[in-house]
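The figures here come from the full heavy-atom set of this structure, side chains too, leaving out hydrogens, waters and symmetry mates. Numbers here simply count residues along the sequence, with the first being 1.
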Amino acid sequence: MTSKRPTVADILALKGRRQLTMLRVESLQEAEAAERARVDLLSVPPSLLTPEFRDAAPSAFTFPGLDYGEYITAEDYLRAAFKALRAGGDAVYCAASLATVRRMRDEGIPVCGHVGLIPSRATWTGGFKAVGKTAQSALEIWRQTKALEEAGAFAAEIEVVPVDVAAAISERTPMFMISMGAGTGCDAQYLFAQDVLGSNRGHYPRHAKVYRNFTAEYDRLQQERVAAFSEFVADVHAKNYPGPEHVVGIPRDELDRFLKELPGV
């Protein structure tokens with residue numbers, strides 16, 4: 001891709017030609033780092049879409065996520081989607097009903113759906129674990145994919161599905177398929193920045209790959225904060241702070257004139 005921001009048509013034209021990269025970022029610093037690293041696609045919370053966001057990441061195709069349950073009706077989703085697109089989004093992620101996806105597509109809103117393990121609906125597939133490991137459940141993922149395609153979604157995240165199943169589905173749909181733990185047979189590879197950076201203190205999913213240990217760095221910085229604050233407290237108690245270099249003086253004659261005008265203590 002060039003530095004010019006790609007369109008939906010550009011993304012679809014890349015299907016089957018090369019693997020794209022995608023990150024979930026939640027700060028302007030992460031967005032800027034992803035831009036400089038030439039990450040192709042970004043997933044963001046809608047609140048991150050400020051004017052500063054496009055300064056930080058001018059060329060990344062960006063999906064603001066419309067969190068399931070935060071909106072109720074199709075009109076709610078439509079309103080949120082238009083707001084996100086006006087703020088700098090290129091498409092929206094939506095795990096709502098097919099009717100909602102269809103309604104947004106009717107209005108020309110590019111929608112990315114979700115198949116396989118869908119966190120907001122994980123209770124229906126047995127919790128946070130792989131799906132599609134039997135012929136029956138794999139066919140159900142295929143049916144979900146076709147239903148999204150027919151509803152007008154242009155892309156779908158496919159999460160924690162066996163590699164061979166995901167590859168077979170991806171090559172049989174014109175939708176752009178984004179793999180999260182579903183192998184290289186899809187069109188893009190998707191990870192969360194907090195997992196890549198090692199800043200997640202909780203559980204790391206099997207599909208995550210940790211490239212740095214930001215948690216250890218955060219702990220080190222916290223220790224440095226405590227040490228610096230403790231030194232400040234000690235300096236104040238010992239009257240080592242403030243020193244002459246931290247304060248403003250006054251010429252002696254001006255001070256004498258000032259003190260002369262003050263009432264006695």
Side-chain angles (χ1 to χ4, degrees), residues 8 11-12 14-24 40-41 43 63-72 74 77 91-105 110-192 194-196 200 202-210:
V8 168
I11 297 296
L12 289 174
L14 291 172
K15 181 176 176 68
R17 292 176 56 189
R18 70 173 178 88
Q19 293 270 288
L20 272 64
T21 54
M22 182 169 177
L23 284 176
R24 168 73 173 188
D40 300 295
L41 315 170
S43 166
F63 299 82
L66 305 183
D67 290 340
Y68 183 74
E70 187 172 338
Y71 313 99
I72 306 301
Y77 277 98
V92 296
Y93 164 85
C94 177
S97 69
L98 293 171
T100 297
V101 173
R102 192 173 292 110
R103 182 77 176 87
M104 288 196 287
R105 181 62 183 87
V111 178
C112 175
H114 200 149
V115 298
L117 170 60
I118 306 173
S120 59
R121 301 179 184 181
T123 190
W124 295 99
T125 53
F128 289 85
K129 62 183 183 180
V131 292
K133 295 177 72 174
T134 66
Q136 181 179 352
S137 60
L139 284 169
E140 178 57 30
I141 297 167
W142 168 243
R143 284 189 284 267
Q144 291 172 359
T145 303
K146 292 301 291 180
L148 273 174
E149 179 188 318
E150 290 160 6
F154 86 97
E157 178 184 343
I158 182 166
E159 184 168 351
V160 195
V161 169
V163 172
D164 293 335
V165 172
I169 289 173
S170 184
E171 68 184 14
R172 287 168 172 79
T173 176
M175 287 197 302
F176 192 84
M177 300 300 289
I178 300 168
S179 166
M180 179 168 273
T184 59
C186 301
D187 303 303
Q189 298 302 317
Y190 179 23
L191 287 176
F192 279 36
Q194 65 175 2
D195 293 340
V196 171
N200 175 15
H203 169 71
Y204 283 90
R206 177 177 178 174
H207 59 261
K209 183 173 181 179
V210 180

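- Between atom CD1 of residue Ile158 and atom OG1 of residue Thr173 there is a gap of 10.0 Å, rounded to the nearest 0.5 Å.
- Expressed to the nearest 0.5 Å, how far CG of Asp40 lies from CD of Gln189 amounts to 11.5 Å.
- Closest heavy-atom contact between Leu23 and Val196: CD2-CG2, 3.9 Å.
- Taking all atoms of both residues into account, the shortest heavy-atom contact from Ala156 to Met175 is CB-CE, 4.0 Å.
- Nearest heavy-atom pair, Leu41 versus Ala188, reported as atom, atom and distance to 0.1 Å: CD1-CB, 4.1 Å.
- Between Ile11 atom CD1 and Cys112 atom SG the span is 11.0 Å, to the nearest 0.5 Å.
- Taking the side chain as every heavy atom from C-beta outward, Val210 and Tyr204 approach each other to under 4.5 Å.
- Taking all atoms of both residues into account, the shortest heavy-atom contact from Ile169 to Ala138 is CD1-O, 4.3 Å.
- The ring-ring contact (aromatic ring centres under 6.0 Å, His included) test applied to Tyr71 returns Tyr77, not counting sequence neighbours.
- Among residues two or more places apart in sequence or in another chain, the salt bridge (charged side-chain N to carboxylate O under 4.0 Å, His left out) test is passed with Arg103 by Glu75, Glu107.
- With rounding to the nearest 0.5 angstrom, the CE atom of Met180 is 5.0 Å from the CD atom of Glu157.
- Pairs passing the side chain to side chain donor-acceptor pair (under 3.5 Å) check and including a residue from residues 126-138, sequence neighbours excluded, read Thr134-Ser137.
- Residues Met104 and Cys94 are in side-chain contact: their nearest non-hydrogen atoms beyond the backbone lie under 4.5 Å apart.
- In this structure, Met22 and Ser179 have side chains that are not in contact, with every pair of non-hydrogen atoms separated by 4.5 Å or more.
- Looking at Ser43 and Tyr190, their side chains do bring a donor and an acceptor atom within 3.5 Å of each other.
- Here the shortest heavy-atom pairing between Cys186 and Ser170 reads CA-OG, 3.7 Å.
- Looking at heavy atoms from C-beta onward, Asp187 lies out of side-chain contact with Ile178 at the 4.5 angstrom threshold.
- With a 6.0 Å radius and a threshold of 12 heavy atoms from other residues, nucleotides or ligands, Arg105 has its CZ atom at or below the threshold.
- Proximity of Met177 to Thr145: side-chain heavy atoms (C-beta onward) are separated by under 4.5 Å at one or more points.
- Using a 4.5 Å heavy-atom cutoff, the side chains of Leu20 and Phe176 are in contact.
- Between atom CD of residue Gln144 and atom CD of residue Glu149 there is a gap of 13.5 Å, rounded to the nearest 0.5 Å.
- With sequence neighbours left out, Glu140 forms a salt bridge (charged side-chain N to carboxylate O under 4.0 Å, His left out) with Arg143.
- At least one side-chain heavy atom of Leu12 sits less than 4.5 Å from a side-chain heavy atom of Phe154.
- Taking every heavy atom of both residues into account, Ala91 and Pro64 meet most closely at O-CD, 2.7 Å.
- Among residues two or more places apart in sequence or in another chain, the ring-ring contact (aromatic ring centres under 6.0 Å, His included) test is passed with Tyr68 by none.
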All N/O donor-acceptor pairs, side-chain side in residues 159-167, below 3.5 Å, sequence neighbours left out:
unit_1	atom_1	unit_2	atom_2	d
Glu159	OE1	His114	NE2	3.0

